[in-house]
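Worksheet for the structure shown next.
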4 protein chains.
Amino acid sequence: MSTAGETPATGRPRSETARQAVLHAVDNMLVEQGYAAMTMKGIAERAGVGKQTVYRWWSSKAEILHEAATLDASHELASPAAADSPSDLAAYAETLVTFLTTSHAGLAYRALVGEAQHDPKVAELISASDLVKPSARAVIQRAVERGDLPASTDMEDAIAELVGPILYLVLRNAPARSRGHWRRYAQRFLDGRRS
Amino acid sequence: MSTAGETPATGRPRSETARQAVLHAVDNMLVEQGYAAMTMKGIAERAGVGKQTVYRWWSSKAEILHEAATLDASHELASPAAADSPSDLAAYAETLVTFLTTSHAGLAYRALVGEAQHDPKVAELISASDLVKPSARAVIQRAVERGDLPASTDMEDAIAELVGPILYLVLRNAPARSRGHWRRYAQRFLDGRRS
Amino acid sequence: MSTAGETPATGRPRSETARQAVLHAVDNMLVEQGYAAMTMKGIAERAGVGKQTVYRWWSSKAEILHEAATLDASHELASPAAADSPSDLAAYAETLVTFLTTSHAGLAYRALVGEAQHDPKVAELISASDLVKPSARAVIQRAVERGDLPASTDMEDAIAELVGPILYLVLRNAPARSRGHWRRYAQRFLDGRRS
Amino acid sequence: MSTAGETPATGRPRSETARQAVLHAVDNMLVEQGYAAMTMKGIAERAGVGKQTVYRWWSSKAEILHEAATLDASHELASPAAADSPSDLAAYAETLVTFLTTSHAGLAYRALVGEAQHDPKVAELISASDLVKPSARAVIQRAVERGDLPASTDMEDAIAELVGPILYLVLRNAPARSRGHWRRYAQRFLDGRRS
DNA sequence: AAGTAAACGAGACGGTACGTCCTGTCTTTAG
DNA sequence: CTAAAGACAGGACGTACCGTCTCGTTTACTT
């Protein structure tokens, strides 16, 4: 990871230019070539940066991708509160699908979830700082506060049941669903959890 | 893929011994070393087989893994019909979790789902012959026939909503849930789809 | 080293084409670029060969160079016996100078002698199979047999005293000496060892 | 090279401490690790000096080594005039062998002679300021003045014939020779050059 | 005393070669 | 014609050095 906690007292400071170049390179290469075709060597060349500079700040392409995606994700997943809980949840579902299927950060997220199945380090990375969870937690929290979900709702389970089916479809490249579909999806989610 | 259409008229026949050796090697290596550390060369050596022999019958380690997993999966995911739908669904959820977290084939399935995010060929492979879907379809079908789910139930959506949350938890290495949890999970699933 | 002692019973045999391509590449690159600028990567590319193939048969550029030079050296250093010992020794001195200053193999020999000062492995290599020594030994032996040098002559010392000054001049890029110079040089060598 | 021509009018002056630290570091590292293992970075760290400081005053490790060796060489190669020319020459030969095989500066000299075969800049360096030549010239000059060598003796050739065989043996790590050997060696040198 | 300017230690920078590993193909002998 | 064995061309891996370039700091000489 590139976030340096303490500032080193001495030596040439890290080049922010190089950092940005790497993050942009990774972002673009993911879309153009896909995760598997990306290499540390290729990233360095694309960014116009030495390989050592990349390794100095990130230990794998997954880590770079995670940082690049995190920067955009919170902004892209922001779902403003709607009038009522069904609308709120349905809007969030649509936002999430759009994020996962069209956004650069969303593609990165899917690649990272995939990679996490092969590499425990990546699994730890996304579990320590999941891009999607916070937004899902927020929308469920709103429903609880409105009284549309019981106060006893287990947050982890609720997130899994809200996000899981969406991720399942997206990871399998299922065809897009209609707006009405997500409206009914939100309703089922609420109905199943009515006390 | 290993399915040979017509039998070649002449020459030395394909060695079934070699095929079995490869499938067993892949199975064991996945558990011992993980997906990423497996290589075609390593598989061949472990199986006591030439590299060319592996390439002759499968085009990637994903394909070998898929075949190895498919053999076991249907048997391991068989969930006998229980007395009522909630019990049936809860039992299936538990079986699926056990499969995905402890079985060799289940680990292979997770590795393949991960790989599918990087490689379209693998995505096609698992979508053409998903190990889990048939079992989920069967248990949902039983609920429809019992009248506990409406006849109009969309099967693809229902599978996604039943399996999605489970896969979401498992892919993130979430801690095991209790039997009661899955009982309530099944109930929420049915309640959301009532009326 | 590339000399395989025992023949392996199985597998694809070594490609003689690749071996020749590497040896030629090294030969040409030494002249064009110099020893320091030659790299294993560059040799492989120039030879149209994989890096692994190079490492499979030689462990360093010095070893390749040694093999390439050895092939040519004995032929190029062959000095036919002259009428008398002074002429014989003078002719050999001239041949040796020409070899060391103009021949590809001679340039390689100088590079190897240089490298041997930094790398004990190279030192061992050239001491185990020196390109120059055999030819010097032969010409001194002839002088002994003619009775122009005492039978008690220590061969190692005589070689050092015959070849050393020549090598000293060549390694320092001293200007070329005349034919008469080498004639007098041979005479001094014989005179110093008379009686 | 470190000899600064004109003194800059202003700014912090060069640190003599740093210069000495670098020269000592190089001296020790050569003995401990060998020429090939020495790096500019390693030298700087060993000397407790910044890399830039090293590059400011020397352009390569060969140059540092040359300066370090030059400081000691003239002192170590000083060979006091003996009673007669054979003794004088024999003593010098022994001194030279000892220098080349045991002294730090002698090891440095051998490393530089080796490097000169790969790098023309180093070749120029040692030919412009050879550590050994002056001492050899002095001892030969004494023999001429004593009348034991003809006045017409070509100095360059004589140096080559006196030093060449010694260097040849040393560069090949030949076993040490006895005192009697060098006595006879000196005699042969004189006999060969008697008019 | 304040200002100027170069040298200082430190270490990141863009590059490039290292030697190893793996890929998918090819070439041998054995069955 | 398949099998095991293993060499082939190619290319990415992560590491190490190269020589250059900033940093903040230090140290002498100039006003």
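For the numbers below, each heavy atom of this structure counts, side chains included, while hydrogens, waters and symmetry mates do not. Quick note on labels: first sequence line is chain A, next is B, and so on, each numbered from 1. Since this is a predicted model, take the numbers as computed values, not measurements.
- Of the listed nucleotides (E/dT27, F/dC8, E/dG14), E/dT27 has the atom at the smallest distance from the side chain of B/Q52.
- Taking the centre and axis of the six-membered ring of C/W57, the NZ or CZ atom of C/R14 falls inside the cone set by 45° and 6.0 Å.
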Under the side-chain contact (heavy atoms from CB on, under 4.5 Å) criterion, do D/Y35 and C/Q117 qualify, and how do the steps go?
CA-CA 8 Å; D/Y35 183 82; C/Q117 308 314 311; over 6 Å; no
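- For CD of D/Q33, the number of neighbouring non-hydrogen atoms (other residues, nucleotides, ligands) closer than 6.0 Å is greater than 12.
- The CZ atom of C/R19 sits 14 Å away from the P atom of F/dA9 (whole-angstrom rounding).
- Per the geometry, CZ belonging to A/R56 stands 12 Å off C1' belonging to E/dA10, to the nearest Å.
- Between E/dC18, E/dC13, E/dT25, one nucleotide has an atom nearer to the side chain of A/R14 than all others, and that is E/dC13.
- DNA chain E lies under 4.0 Å from at least one heavy atom of each of the following residues of residues 23-51 of chain C: C/T39, C/M40, C/K41, C/K51.
- Residue D/T53 places none of its side-chain N or O atoms closer than 4.0 Å to OP1 or OP2 of E/dA7.
- Note on residues 109-122 of chain C: no pairs pass salt bridge (Lys or Arg N to Asp or Glu O under 4.0 Å), not counting sequence neighbours.
- Distance from the side chain of C/T10 is smallest to F/dG6 among E/dG11, E/dC13, F/dG6.
- Along DNA chain E, the nucleotide closest to B/Y55 and the one closest to D/R12 are compared, and the more 5′ of them pairs with D/R12.
- Applying the salt bridge (Lys or Arg N to Asp or Glu O under 4.0 Å) rule to pairs touching residues 29-46 of chain D yields D/E32-D/R46, sequence neighbours excluded.
- Atom pair C/W57:CH2 and F/dG6:P shows a separation of 11 Å (rounding to whole Å applied).
- To the nearest angstrom, C1' of F/dG19 lies 13 Å from CD1 of D/I64.
- For the pair D/D119 CG and F/dC18 C1', the computed distance is 14 Å after rounding to whole Å.
- Between C/H118 and D/H118, the ring planes lie perpendicular to each other; the angle is over 60°, past the 30° to 60° tilted range.
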